[in-house]
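Here is the structure we will look at, set down as structure tokens.
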Amino acid sequence: MYTYIDPKFNLKNTLLCGQCFRWRLHSDTYYGVVESHLLGVRQNNTQLHVTVSPSVSNDQFVRDYFNCAFSSDEILKSFPIDVYVKQAMVASEGIRILKQDLWETIASFIISINKNIPAIITIIENLSMQYGKKIDVGTSLDLKDHYSFPDIATIARTTPSALRESGMGFRAEYLSKTSQMIEDGVIDLSNLKKMGIDEALSVLQTLPGVGPKVANCILLYGCNRYDAFPIDVWMKRILEECYFKGNKVPLKKLGQFAKKYFGPYRGYVQQYLYYWARSQGKKNK
DNA sequence: CTCCAGGTCCAGA
DNA sequence: TCTGGACATGGA
């Protein structure tokens, strides 16, 4: 059991805001797989309690995942405070962008194409069950089995038709080819953090199944590039409704607007707006 | 049953 | 360069 402290952190909003797909609430604790461990995470005011199974002597990978050394104060101060951002900051309070594994992020967001979040979660769970490694959680937890996210080499030598058994449909060809390109060293992903945003995006978009939206997600969630700004159907709606009087605007123009208006940490603003808009919809049901 | 989903790709204008 | 339609599958 490890304890972390950060007054401006909201676990629920952070795990449910759409940046990750492997967390489930079980009574008062969120369970999720990070690398080859099952984490159980619970928040008490400013304290974050984390259990790691199997246990480890060094919990650095957990601190890295939650980006514990990093304060989001400066970033939040950079937000342009208009009526919409103001509401978003209330609804999405305490969201922190996680630092997720690059390969898992690439694969997850290829799988996410044209799927709703519950379906994405199911597919990733199926895929992990088939091709990941079973995690030894001991006998203390009365939970179902958990599996690590499958590694690149495993996916690279699995046929697309076999991958389809997890329910990912036509995305199987994308995932298969992309995994092989990375595995074969056709593409070099080691310098993504240093590149300019446009260069990083175009490098990622040489991967099959990776277009502008998925590339931005990969940079934002897998590389801590807060200057990445994913625009999906929801963000498109939000931007058009709030900043263009409801008129239809091409994706390219929306991206240019976001870059200018939301500034260098626009990826963070995006996350707050996205979760705000989605929680609005749920209230009306 | 129908609609739609954290889009991408390709063909044709 | 821009736009429309196809693409598998399943949750709501």
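Order of the sequence lines fixes the chain letters, A, B, ..., with proteins taken first and strands second; residue numbering starts at 1 for each chain.
Rounded to whole Å, the distance from NZ on A:Lys248 to C1' on C:dC2 is 13 Å. For the pair A:Ile113 CD1 and B:dC9 P, the interatomic distance rounds to 7 Å; values are reported in whole Å. Rounding to whole angstrom units, NZ of residue A:Lys236 and C1' of B:dA5 are separated by 16 Å. Summarising the geometry, the separation between CZ on A:Phe21 and C1' on B:dA5 is reported as 12 Å, rounded to the nearest angstrom. Rounded to an integer number of Å, the gap from A:Tyr274 OH to B:dG6 P is 5 Å. We find that CD1 of A:Ile123 is positioned 8 Å from C1' of C:dG10, with the value rounded to whole Å. The CG-P distance, from A:Leu163 to C:dC7, rounds to 20 Å in whole Å. Put simply, CE on A:Met168 is 17 Å from C1' on B:dG6, counting in whole angstrom units.
Within the 4.0 angstrom heavy-atom criterion, base atoms lie near A:Gln270. Within 4.0 Å of A:Met235, counting heavy atoms only, lies at least one base atom of the nucleic acid. Within the nucleic acid shown, A:Pro118 comes within 4.0 Å of sugar-phosphate atoms alone, with no base atom in reach, counting heavy atoms only. When heavy atoms are screened at a 4.0 angstrom cut-off, A:Gly209 is found touching the sugar-phosphate backbone but no base atom. Base engagement by A:Gln271 is indicated by at least one non-hydrogen atom pair under 4.0 Å involving a base atom. Residue contacts shown for A:Cys17 include a base, since a base heavy atom lies under 4.0 Å away.
Nearest approach of A:His37 to A:Pro54, heavy atoms of both residues: ND1-O, 2.9 Å. Here the closest non-hydrogen pair linking A:Ser179 and A:Ile152 is O-CG2, 3.5 Å.
Contact check, A:Arg171 against C:dG10: no side-chain N or O comes under 4.0 Å of OP1 or OP2. Within the structure, a side-chain polar atom (N or O) of A:Arg278 is placed less than 4.0 Å from OP1 or OP2 of B:dG6.
Relative orientation of the A:Tyr268 and A:Phe79 rings is tilted, given thresholds of 30° and 60° on the angle between their planes. Between A:Tyr174 and A:Phe170, the ring-plane angle classifies as perpendicular under the 30° and 60° cut-offs. Between A:Tyr84 and A:Tyr243, the ring-plane angle classifies as perpendicular under the 30° and 60° cut-offs.
No side-chain donor-acceptor contact under 3.5 Å links A:Tyr274 and A:Gln19. At a cut-off of 3.5 Å, with distance as the only test, a side-chain donor of A:Tyr226 or A:Asn224 sits close to an acceptor on the other residue.
Closest contact between the side chain of A:Arg237 and the listed nucleotides C:dC2, B:dA5, B:dG7 involves B:dA5. Of all nucleotides listed (C:dG11, B:dG6, C:dC7), C:dG11 comes nearest to the side chain of A:Thr122. Listed nucleotides C:dG10, C:dC7, C:dG11 differ in distance to A:Asn114; the shortest reach to its side chain belongs to C:dC7. With B:dG7, C:dA8, B:dG6 as the candidates, the nucleotide lying closest to the side chain of A:Val214 is B:dG7.
When the C1' atom is used for both C:dG10 and B:dC9, the distance is 22 Å, rounded to whole Å. Look at the P atom in both B:dG6 and C:dG5: the space between them is 23 Å, to the nearest Å.
Nearer the 5' end of DNA chain B, as judged by each residue's closest nucleotide, is the contact made by A:Ile231, out of A:Val210 and A:Ile231. In this structure, A:Tyr174 and A:Pro250 both approach DNA chain C, and ranking their closest nucleotides by distance from the 5' end singles out A:Pro250. Of the two residues contacting DNA chain B, namely A:Ile120 and A:Leu207, the nearest-nucleotide position lying further toward the 5' end is that of A:Ile120.
Checking C:dC2 for Watson-Crick or G-U wobble geometry (two distances, each under 3.5 Å) identifies B:dG12 as its partner. Taking a pair to require two hydrogen-bonding distances under 3.5 Å in either a Watson-Crick or a G-U wobble arrangement, B:dC4 pairs with C:dG10.
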